[in-house]
Amino acid sequence: MIVQLKNNVKKEQTNQLILWLQAMGVETHITEGSLHTIIGLVGDTSKLDIDMIKALEIVENVQRIQEPYKNANRMFHEDDTVIEVGGAKIGGGNFLAIAGPCSVETEEQIIEVALAVKAAGAGMLRGGAFKPRTSPYSFQGLGPEGIRLLVEAKKASGLPIVTEIMDLSQLKYFDDVDVIQIGARNMQNFELLKEMGHTGKPILLKRGLSSTLEELLMSAEYIMAGGNEQVILCERGIRTFETYTRNTLDVSAIPVLKGRTHLPIILDPSHGTGVAKYVKPMSMAAAAAGADGLIIEVHNNPARALCDGPQSLTPDAFRKLMQDVDRIVEVVRGTKA
Ligand code: PEP
Ligand code: MN
């Protein structure tokens, strides 16, 4: 349930109401938005008399929340969440491009790509160290050594880094990682999600291959319920009957999620399409639809990549993509103003 207060309510009046609500046995979450103060009520609200609360002089409106997610819900938190990572910002009008190879292969590779994507305007470096591969015989990533090389690339480029965790036993290697990625295959690994709630680091949460947007939001809720409000959602394509693309990129997820949550939303056109030449048009579509950013696979030599070469851009193609995406981001900003 949410209680929306009128404008210019005195602090003592708000506090009195909060104490009274807490005495009724519910937990209160206060959000001071740009327009209104909102009191979110979590717990058993069945004993509360909505009409009585509505009738209070300081109350503008009271609404029951139908959705099962509370922390992620925009009703509780009307302003966009802005997440700041090592100088990079995402959300609330800040567009962030994350780029880098599917997997970290060598020191030269990751540093070369890091410097190139930074020069093209990326604000964060990606690179897999622990790789979820369909075949147990495919390259599984360099593991802890991959993270060490990513940290070297961070030192060389100044870019914060994001990499995927597949199992809790790997968390000990993530001290110098800025953002932890939960991949599509682990979106509903609830024990992993609960632990992400205690890391104190931003989490990049990718949509599962056949998950609904509500399921994605419920997974974000697992992380947030543990006390970590810094979740970035990522649409990366879902399974459909289509075979000309690797997945079907659901661009409509952006406006749908924007209405329901205050969390930043990015798009992954690399895994979403699986084909390098479709990455730029879908990146432009994402920016036009109001995404807060992109995550794009870039390799210095896609033909020789150990993982996902066909969908990887060269640094030069990425630079050109950024020029066009920037123009669209400007247009979208102008439309909002
Ligand atoms: C990735 O980003 O490297 C990855 C494996 O993506 P996904 O979990 O979306 O398949
Ligand atoms: Mn990949």
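Heavy atoms only: backbone and side chains are in, while hydrogens, waters and symmetry mates are out. Whatever order the structure lists ligands and atoms in, that order sets their numbers, starting from 1. Everything numeric here is computed off the predicted structure, so don't read it as measured data.
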Completion exercise
Counting from 1 in the order shown, the ligand 1 atoms closer than 4.0 Å to a non-hydrogen atom of Arg236 are 7 (P), 9 (O), 10 (O)

Problem - Among Asn94, Leu267, Ile90, side-chain contact (heavy atoms from CB on, under 4.5 Å) partner for Asp292 - result: Ile90

Problem - Sub-4.0 Å heavy-atom contact, Lys131 with ligand 1 - result: yes

Practice task
Look only at interatomic distance and state if Gln181 has a nitrogen or oxygen under 3.5 Å from any nitrogen or oxygen of ligand 1.
Solution key: yes

Completion exercise
For Gly183, the ligand 1 atoms with a heavy-atom partner under 4.0 Å come out as 8 (O)

Practice task
List the closest protein heavy-atom neighbour of atom 6 (O) of ligand 1: residue, atom name, distance to the nearest 0.1 Å.
Solution key: Lys206 NZ, 3.0 Å

Exercise for the section: If the plane angle is over 60° it's perpendicular, under 30° parallel, otherwise tilted; pick one for Phe190 and Tyr222. Expected result: parallel

Practice task
Would you mind checking which non-hydrogen protein atom is closest to atom 5 (C) of ligand 1, with the distance to 0.1 Å?
Solution key: Glu164 OE1, 3.7 Å

Problem - Heavy-atom nearest option to atom 1 (C) of ligand 1, drawn from Glu235, Met166, His271, Met187 - result: His271

Exercise for the section: Below 2.8 Å of the Mn ion (ligand 2), tally up the protein N/O/S atoms for me. Expected result: 4

Handout entry: Minimum heavy-atom distance between Met282 and Pro269, given as atom pair plus value
Key = CB-CB, 3.9 Å

Exercise for the section: Tell me yes or no: between the side chains of Gln311 and Asp308, is some donor less than 3.5 Å from an acceptor? Expected result: yes

Problem - Test item: side-chain donor near acceptor, His299 and Glu297, under 3.5 Å - result: no

Exercise for the section: Report yes if some heavy atom in the side chain of Leu213 is under 4.5 Å from a heavy atom in the side chain of Leu257; otherwise report no. Expected result: yes

Problem - Heavy-atom closest pair, residues Phe76 and Gly40 - result: CE2-CA, 2.8 Å

Exercise for the section: Please identify which atoms of ligand 1 are closer than 4.0 Å to at least one heavy atom of Arg185. Expected result: 7 (P), 8 (O), 10 (O)

Practice task
State whether a side-chain donor-acceptor pair under 3.5 Å links Gln22 with Thr28.
Solution key: yes

Problem - SB check Lys320 Asp316 (cutoff 4.0 Å) - result: yes

Exercise for the section: Classify the side-chain pair His262/Thr81 by whether it contains a donor and acceptor separated by less than 3.5 Å. Expected result: yes

Practice task
Pull out every atom of ligand 1 sitting under 4.0 Å from any heavy atom of Ala184, numbered as shown with elements.
Solution key: 7 (P), 8 (O), 9 (O)

